[in-house]
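The next block holds one structure in the form of structure tokens; read it before the comments.
Chain letters run A, B, ... following the sequence lines, proteins first and then strands; every chain starts at 1. Quick caveat, the model's predicted, so the values are computed rather than measured. Quick note: numbers below take in every heavy atom, side chains included, and nothing from hydrogens, waters or symmetry partners.
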Protein chains: 2
Amino acid sequence: MQLIYCIIEMEQVFKALAASSRRKMLDRLHIKQGVTLSELVEGLDMRRQSATRHIAVLEQAELIVTLWQGREKLHYLNPVPLEEISRRWLDKFSQNKAAAIISLKQALEENNNE
Amino acid sequence: MQLIYCIIEMEQVFKALAASSRRKMLDRLHIKQGVTLSELVEGLDMRRQSATRHIAVLEQAELIVTLWQGREKLHYLNPVPLEEISRRWLDKFSQNKAAAIISLKQALEENNNE
DNA sequence: TTATTATGCAGTATTTATACTGCATGTCAA
DNA sequence: TTGACATGCAGTATAAATACTGCATAATAA
């Protein structure tokens with residue numbers, strides 16, 4: 001169960017990170033937390049309603065958490081999923097980075113000598 | 001120039017990672033390098049021609065490098081873009097992870113007390 | 001109360017991504 | 001040389017992502 005949950009979550013996180021406008025939102029929340037929707041949209045070259053959709057994607061991936069304060073919706077960054085991705089997926093590639101590059105180089109050289 | 005190049009590359013890498021079938025391909029190349037197309041498609045629940053498209057996306061992101069050996073196309077993993085992503089984008093979030101979570105918790109608590 | 005502000009929701013148009021089929025090409029092995 | 005194999009290419013159908021407009025609702029401020 002836990003495994004299935006994680007796979008689904010990872011899928012959502014990777015998908016959420018695929019759009020530059022969403023990464024930009026995360027960048028901004030990284031600098032300043034508790035930002036309202038209107039503030040978050042500024043400089044994003046899209047309507048507020050479109051940004052809402054992007055935020056929903058980020059929320060589903062649990063990359064941001066939101067809180068209502070009166071009529072304002074405040075947005076907070078949750079860095080946990082990013083670290084999960086980094087730890088359980090990306091890291092394993094850098095661990096064998098040297099081996100991968102050597103095998104790649106060897107293949108290239110063998111190919112050149114033919 | 002360098003900056004623009006990097007932004008474009010990062011965009012492609014994130015997009016390439018967004019599909020689970022492509023991540024699966026990278027996983028398989030991580031285990032075994034120099035795999036042919038036919039071998040790479042096995043167990044992926046799609047036609048060879050569809051997989052070719054996915055591979056093109058991974059190639060554009062420079063996540064894989066290919067070599068022709070006669071009539072076979074051999075695929076090699078290039079872990080460099082993954083490490084770039086990790087280093088220049090993900091890491092900064094984990095650096096401030098503690099701060100982010102504290103600010104998030106505080107906000108949640110303040111909200112509860114109202 | 002009334003105007004303004006912050007946001008949500010619904011519907012739609014457009015673009016992008018994905019997967020498929022069918023056929024072409026080049027390599028290898030008998 | 002011929003048949004099998006590995007792959008590419010083109011065209012098309014479908015699904016998913018994205019952005020827009022217009023209107024609704026609730027909170028705040030005058």
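In this structure, the separation between CD1 on A/Ile64 and CG on A/Leu26 is 7.5 Å, given to the nearest 0.5 Å. Within the model, atoms OH of A/Tyr76 and NZ of B/Lys105 stand 15.0 Å from one another, a figure rounded to the nearest 0.5 Å. For the atom pair A/Leu40 CG and A/Met25 CE, the distance stands at 5.0 Å (nearest 0.5 Å).
Computed from C1' positions of five pairs at each end, the angle between the two local axes of the helix from C/dT1-D/dA30 to C/dA30-D/dT1 equals 20°, rounded to 10 degrees.
Taking a 4.0 Å limit (strictly below) on heavy-atom distances, residues 28-50 of chain A reaches DNA chain C at A/Thr36, A/Leu37, A/Ser38, A/Arg48, A/Gln49.
With D/dT18, D/dA6, C/dT7 as the candidates, the nucleotide lying closest to the side chain of B/Glu72 is D/dA6. Checking D/dA17, C/dT7, C/dT18 against every side-chain atom of B/Arg22, the shortest atom distance belongs to C/dT18.
Between the CD atom of B/Gln12 and the P atom of C/dT16 there is a distance of 15 Å, rounded to whole Å. Taking atom CG of B/Leu58 as the reference point, atom C1' of C/dA17 lies 14 Å away to the nearest angstrom. Between A/Trp68 atom CH2 and D/dT28 atom C1' the separation is 14 Å, expressed in whole Å. Computed from coordinates, the A/His75 NE2 to C/dG8 C1' distance equals 12 Å when rounded to whole Å. Rounded to whole Å, the distance from CG on A/Leu67 to P on D/dA27 is 16 Å.
For a distance-only test at 3.5 Å, the side chain of A/Arg71 qualifies as a donor-acceptor partner of the base of C/dT5.
At a threshold of 4.5 Å between non-hydrogen side-chain atoms, the residues A/Trp89 and B/Leu82 count as touching. Between B/Lys24 and B/Leu44, the closest side-chain pair of non-hydrogen atoms falls below 4.5 Å.
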Item checked: CA sep, side-chain torsions, deciding dist, call: B/Phe93, A/Asp27, side-chain contact (heavy atoms from CB on, under 4.5 Å) -> CA-CA 9 Å; B/Phe93 289 99; A/Asp27 276 331; 3.7 Å; yes

Next item on the list: Decide yes or no on salt bridge (charged side-chain N to carboxylate O under 4.0 Å, His left out) for A/Lys73 and A/Glu59, but give the supporting numbers first.
Entry: CA-CA 13 Å; A/Lys73 194 183 187 187; A/Glu59 276 190 272; 3.4 Å; yes

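Each of A/His54 and A/Gly70 lies near DNA chain D, and the nucleotide nearest A/His54 is the one positioned closer to the 5' end.
Nearest heavy-atom pair across B/Leu74 and B/Gly34 is CD2-O, 3.6 Å. Among all heavy-atom pairs drawn from A/Val13 and A/Ala61, the shortest one is CG2-O, 3.7 Å.
Applying the 4.0 Å criterion to OP1 and OP2 of C/dT16, one finds that B/Lys15 has every side-chain N and O outside that range.
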